[in-house]
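Below is one structure, written out as structure tokens; the observations come after it.
Chain identifiers are assigned alphabetically (A, B, ...) following the order of the sequence lines, protein sequences preceding nucleic acid strands; residue numbering begins at 1 within each chain. The basis for the numbers below is simple: all heavy atoms, side chains too, and nothing from hydrogens, waters or symmetry mates.
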Amino acid sequence: MSEHEYTPKSKAGKWFNDRLPLLTLGAHLTDYPTPKNLNYWWTFGGILTFCLITQIVTGIVLAMHYVAHADLAFASVEHIMRDVNYGWLIRYIHSNGASMFFLAVYIHIFRSLFYGSYKSPREVIWIIGLMIYLLMMAAAFMGYVLPWGQMSFWGATVITNLFSAIPLVGDSITTWLWGAYSVDNPTLNRFFSLHYLIPFLILGLVVLHIWALHVPGNNNPVGIDIKKPSKDTVPFHPYITIKDAFALLVFMIIFAGFVFFTPNVLGHSDNYIPANPLVTPAHIVPEWYLLPFYAILRSVPDKLGGVILMFSAIFILFVLPWLDTSKVRSAVFRPIYRQFFWILVIDVLMLGYVGAMPAEGIYLVLARVGTIYYFLHFIVVMPVVGFLEKTDPIPMSISEPVLTGGAEPSLARKVNDKV
Amino acid sequence: MSKEEKKVNRRDFLFTASYTVGAVGVGAVIWPMIDQMNPDKAQQALATTEVDISSIEPGKSITVLWRGKPIFIKKRTSEEIAEARAVKLDDLPDPQKDEDRVKEGKDEWLVMLGVCTHLGCVPLKDKGDFNGWFCPCHGSHYDVSGRIRKGPAPTNMEIPKFEFVDSNTIKIG
């Protein structure tokens, strides 16, 4: 992993490091050669780590006051909001923290899509990242059930019923998930248990994600392989840590804005009504970060078909490194792909919008068009554009655009300004 | 040479036997871990409910809770029964005669699970294009017999196991 041997200065440090090389690991993380041209889109890894730790810390605190029982859960959440010292703050951080976590992860994923970070030799980093994303969705869904409001209950009912679409064994699986004949107290209990477990699974995967990242090193906005360490790299600390810290600060300001000024804007008011198994709310919507997938589910007029398509929309991302046939990583040098990338961004945003609207009329049409494009993008556009596209010339190194005038003028100018 | 071959065979047998016993052991431990999530005895004990239906007027319905799910009990008028029976089976996505959804001689009583067969929401009564129920979640329309007519739900609303204890009481489950 590290290019040069590290020896602790102090005798005690050396004694310890010979037995458990934690200090070597620390030195590796500090000196880790990082491409010097990383832009602010690369700061979301650090931001996501912050989000995970925030959720774990606030979650552990909330669990000290929450009661996972169908008769008591709703009241215990209100107890946290009204009676527990700073309970309102901790809960609002936790609930808005989930949204901020997804906001950051979506930017992180689209960063990867734009700069081709999922391509060889970084496929495993990408796949571990998607596993983290799947676990995040599971954790968020189960967490949303815990307050046992109307949206909790009916969201849980609709999502668990997705499994009833499986032929033959579907109903048995659904009953097994519930531990009852409907979403009920056993369901709430197990969701709480799993909601507590999943963040620690994510933490483990984050370690693997970073480990896998440190094998080939970071991709970068130019998307070329670089020599490490070299003129093209800077040590992770202090150069990247200070940049990450600044981005984190800006992120935290936005986060605090939600927590203190509009803590409920991302939630649904129906969840302040206690769960009632006899009445379904007029308009069920999932949390905003699941809306594009919800739109895909509803765009298909067949139950099993809708469920299959929705899961495919996520699982297709796992084979993305092999669907993209282009040798060039960064979309900066891919004039055609770059346009399709932005169409995909708009497509996913549109799917999110229609997912929040009733599934009828123009919204249904838009959902279907959006769903078709989503799959076309990955199955047709990515392989075909990779073959046909004439890419722009790629610089030999990160420093080259500065020294030679460069293939990408905007990039050269940016670096010149600093000089 | 033959001696060596024999040794290898004996070891293969031991490996296979060990793996088999190991797999059975692992299975024996995993099954309780999986089955503990199925409905327990307390849940199963809630499996029957008796309902007094004497106060329901013709054309009206009540909703009762059975196994955590709503049961619609509707006393249909003769016009509603006639309407349900006039429907051609070809018009139904999940063809089923109205006669098969009620108890013989008690044709006015429709007892069904008030759960949309799409994704489990509770449909609203007296709504939709077919004079029956309408599910607000994803827009499934059911007729006066609880049969799916339009929308994403794949099947008719389910008829639970039930019986008339006497003329005023039914037992569900």
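Residue B/Leu124 does not touch chain A at all, counting heavy-atom pairs closer than 4.5 Å. Neither the backbone nor the side chain of A/Phe153 has a heavy atom closer than 4.5 Å to any heavy atom of chain B. Heavy-atom distances place the side chain of A/Trp154, and not its backbone, under 4.5 Å from chain B. For chain B, the nearby part of A/Leu297 is the side chain; its heavy atoms alone come within less than 4.5 Å. With a threshold of 4.5 angstrom between heavy atoms, B/His138 approaches chain A through side-chain atoms but not through N, CA, C or O. With a threshold of 4.5 angstrom between heavy atoms, A/Ala180 approaches chain B through its backbone and through its side chain. Residue contact with chain B, scored on non-hydrogen atoms closer than 4.5 Å, involves the side chain of A/Ile284 exclusively. Both the backbone and the side chain of A/Pro277 come within less than 4.5 Å of a heavy atom of chain B.
In this structure, the ring of B/Tyr142 has its center no less than 6.0 angstrom from the ring center of B/Phe72.
Options B/Cys116, B/Cys121, B/Cys137 differ in how many heavy-atom pairs under 4.5 Å they form with chain A, and the most are formed by B/Cys121. For chain A, the option among B/His118, B/Arg67, B/Lys69, B/Gln36 with the highest count of heavy-atom pairs below 4.5 Å is B/Arg67. Contact count versus chain B (heavy atoms, under 4.5 Å) is highest, among A/Ala165, A/Pro358, A/Gly179, for A/Gly179.
In this structure, a donor-acceptor pair under 3.5 Å is present between the side chains of A/Thr371 and A/Ser299. A/Asn276 and A/Gln150 form no side-chain donor-acceptor contact under 3.5 Å, judged by distance and modelled atom types alone. For B/Gln96 and B/Asn156, the side-chain atoms include at least one donor-acceptor pair closer than 3.5 Å. At a cut-off of 3.5 Å, with distance as the only test, no side-chain donor of B/Ser145 or B/Asp143 sits close to an acceptor on the other residue.
Annotation for B/Ile148 and B/Pro93: closest pair O-CD, 3.0 Å, computed over non-hydrogen atoms. Shortest non-hydrogen contact noted between B/Val51 and B/Ile172 is CG2-CD1, 3.9 Å.
Atom NZ of B/Lys60 has 12 or fewer neighbouring heavy atoms from other residues, nucleotides or ligands inside a 6.0 Å radius.
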